[in-house]
Amino acid sequence: MKFPDTFIKKYQQLLGDEAEAFFKTFDQEAISAFRINPLKANIKKFDTPINNMPWSYYGKVSGKSSDHVTGLVYSQEPAAQMVAQVASPKKGMKVLDLAAAPGGKTTHLLSYLDNTGILVSNEINHKRSKILVENVERFGARNVVITNESATRLAKVFPNYFDLIVLDAPCSGEGMFRKDPAAIQYWNEDYPSQCAKVQQEILRDALDMLAPGGSIVYSTCTWSPEENEDIVRWLMEIDYNLSLEMIPKENGMVSGIDMPEVARMYPHRFKGEGQFVAKLRDTQTHQTSSKLKSARTNLTREQVQLWEEFYRRKVNTDLSGVLQVFGEQLYLLPNHLPDLSQLKIARNGLHLGTFKKKRFEPSFALGLALHPDEVDQVIEMTQEDFKKYVSGQTVSLPKSYANDWYYIAIEGNGIGFAKVVDKTLKNAFPKGLRFS
């Protein structure tokens, strides 16, 4: 792999005797890994666990496997996984993932929250926010809202609100060069400093959203000190209430440059790509009183009746939250959210389904979010039928069923609801996700 001379010189100076080993890694294959989703009903174990990282394994996942389609596994390389692991939110927290697409860190944070608290997952780029929605939906979490906003606009709606903010900031991407060699063409000597200015702008807004006593986890997928340690120093200069927390150095992670609290991941030491991560805590103890207008339900009486009739017949678990309808689409928002009407929303909580004339039809997302023991009737699909179903075909059943909606599962995990007529399972797998 060929690098600009200025890049080579920079990391020869930073790494000294380790520079040769560092540069040799770029001729090696990028490391692949994945995580198990603990929110799913039926959890598997694999043969290649990663030490000191819960839910994590080395290896590749097929996008056509039932494990992937049901959201049991999520592909994410090991260094990137360390960001949410450093964050490790506690159950019940209000969390913001500020630059979230494609969804690796969001889904990892959701694993810790375990369907408690609130996660606001934000992506400013509209196209990338759609990918984020798809990945979060597959993961099956019930406590997440996806926004498509700037940090500045979010800060107006969420002042002093979040217990934890994670910012995996837009950066020069040096740590991804092995995975995406084309990214090298964007690099120049001034690029890290240009990225640092953008990172500072986002962090100013992030500070406005942090609750007293809350934490910020700041990360990049680059090694540039201008975007890493220098940004952390700048943060502590503009906000004297922030204190750095010590990050345990595991699996080959090393301390920062003249900053032992933070962590760096180099591919010649850590079996993964490149990453930097720092955790800062706000030391204030006083609570600010900000009266936020709460999100409210907007359903008609008929819509409430249709949803409750389906819920009473088909679901036997508590789905608490605020019901909101957009057009004919019904969503369940987590409790204790402010009014989000001034924001661009990509996914307004858990999509429950669609109101049709005099009836309610459950969504694909609801079937992914529920467990088999949380529904009235389950049809377990074989792998052979799964292949037919994901390609858009109907499935013949071995016995007759009453005409109704049924929860469909494959290897103990949901793959949505589908209508059954006698011995025929109608195909409800989303057209945009089908494959053969």
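Position 1 is the first residue of the sequence, and the numbers go up from there. Since this is a predicted model, take the numbers as computed values, not measurements.
Between the side chain of Glu149 and the backbone N or O of Leu343 there is no donor-acceptor pair closer than 3.5 Å. With hydrogens and angles disregarded, no donor-acceptor distance shorter than 3.5 Å links the side chain of Asp239 to the backbone of Leu235. Side-chain atoms of Ser363 come within 3.5 Å of backbone atoms of His351 as a donor-acceptor pair (strictly under, hydrogens ignored). Tyr407 contributes no side-chain N or O that, together with a main-chain N or O of Gly416, makes up a donor-acceptor pair within less than 3.5 Å.
Between His268 and Tyr266, the ring planes are tilted. Angles from 30° to 60° get that label. Ring geometry for Phe26 against Phe22 counts as perpendicular: the plane angle is over 60°, on a 0 to 90° scale with 30° as the lower cut.
Here the closest non-hydrogen pair linking Ala87 and Val166 is CB-CG2, 3.9 Å. Residues Thr394 and Asn427 approach most closely at CG2-N, 4.3 Å, considering heavy atoms. Here the closest heavy-atom approach between residue Thr220 and residue Gln275 is recorded as O-NE2, 2.9 Å.
Listed by chain and number, the residues in a salt bridge (Lys or Arg N to Asp or Glu O under 4.0 Å) with Glu308 amount to none (sequence neighbours excluded).
A side chain to side chain contact (heavy atoms under 4.5 Å, CB included) with Met253 holds for exactly one of Arg264, Arg269, Met82; it is Met82.
Annotation: side-chain hydrogen bond (donor to acceptor under 3.5 Å, both in side chains) contacts involving residues 83-93, sequence neighbours excluded, comprise Lys91-Asp114. For the salt bridge (Lys or Arg N to Asp or Glu O under 4.0 Å) condition, the pairs that include at least one residue of residues 53-74, sequence neighbours left out, are Glu29-Lys60, Lys44-Asp67.
His371 places none of its side-chain heavy atoms less than 4.5 Å from the side chain of Asn413.
Other residues, nucleotides and ligands contribute at most 12 non-hydrogen atoms within 6.0 Å of the CD atom of Gln342.
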Run Trp405 and Phe417 through ring pair (Phe, Tyr, Trp, His ring centres under 6.0 Å) and show every step you take.
CA-CA 6 Å; Trp405 287 96; Phe417 282 88; 7.4 Å; no
Please assess Glu237 against Arg233 for the test salt bridge (Lys or Arg N to Asp or Glu O under 4.0 Å), listing each intermediate value before the final yes or no.
CA-CA 6 Å; Glu237 287 171 1; Arg233 292 187 188 93; over 6 Å; no
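Note: Lys127 NZ to Ile131 CD1 = 7.0 Å, rounded to the nearest 0.5 Å.
The pair Glu226-Lys10 meets the salt-bridge criterion, with a side-chain N (NZ, NE, NH1 or NH2) lying under 4.0 Å from an Asp/Glu carboxylate O.
Note that Lys314 lies in the cation-pi zone of Tyr406, set by a 6.0 Å cut-off to the ring centre and a 45° limit from the axis. A cation-pi arrangement, defined by a distance under 6.0 Å to the six-membered ring centre and an angle within 45 degrees of its axis, is present between Lys94 and Tyr161.
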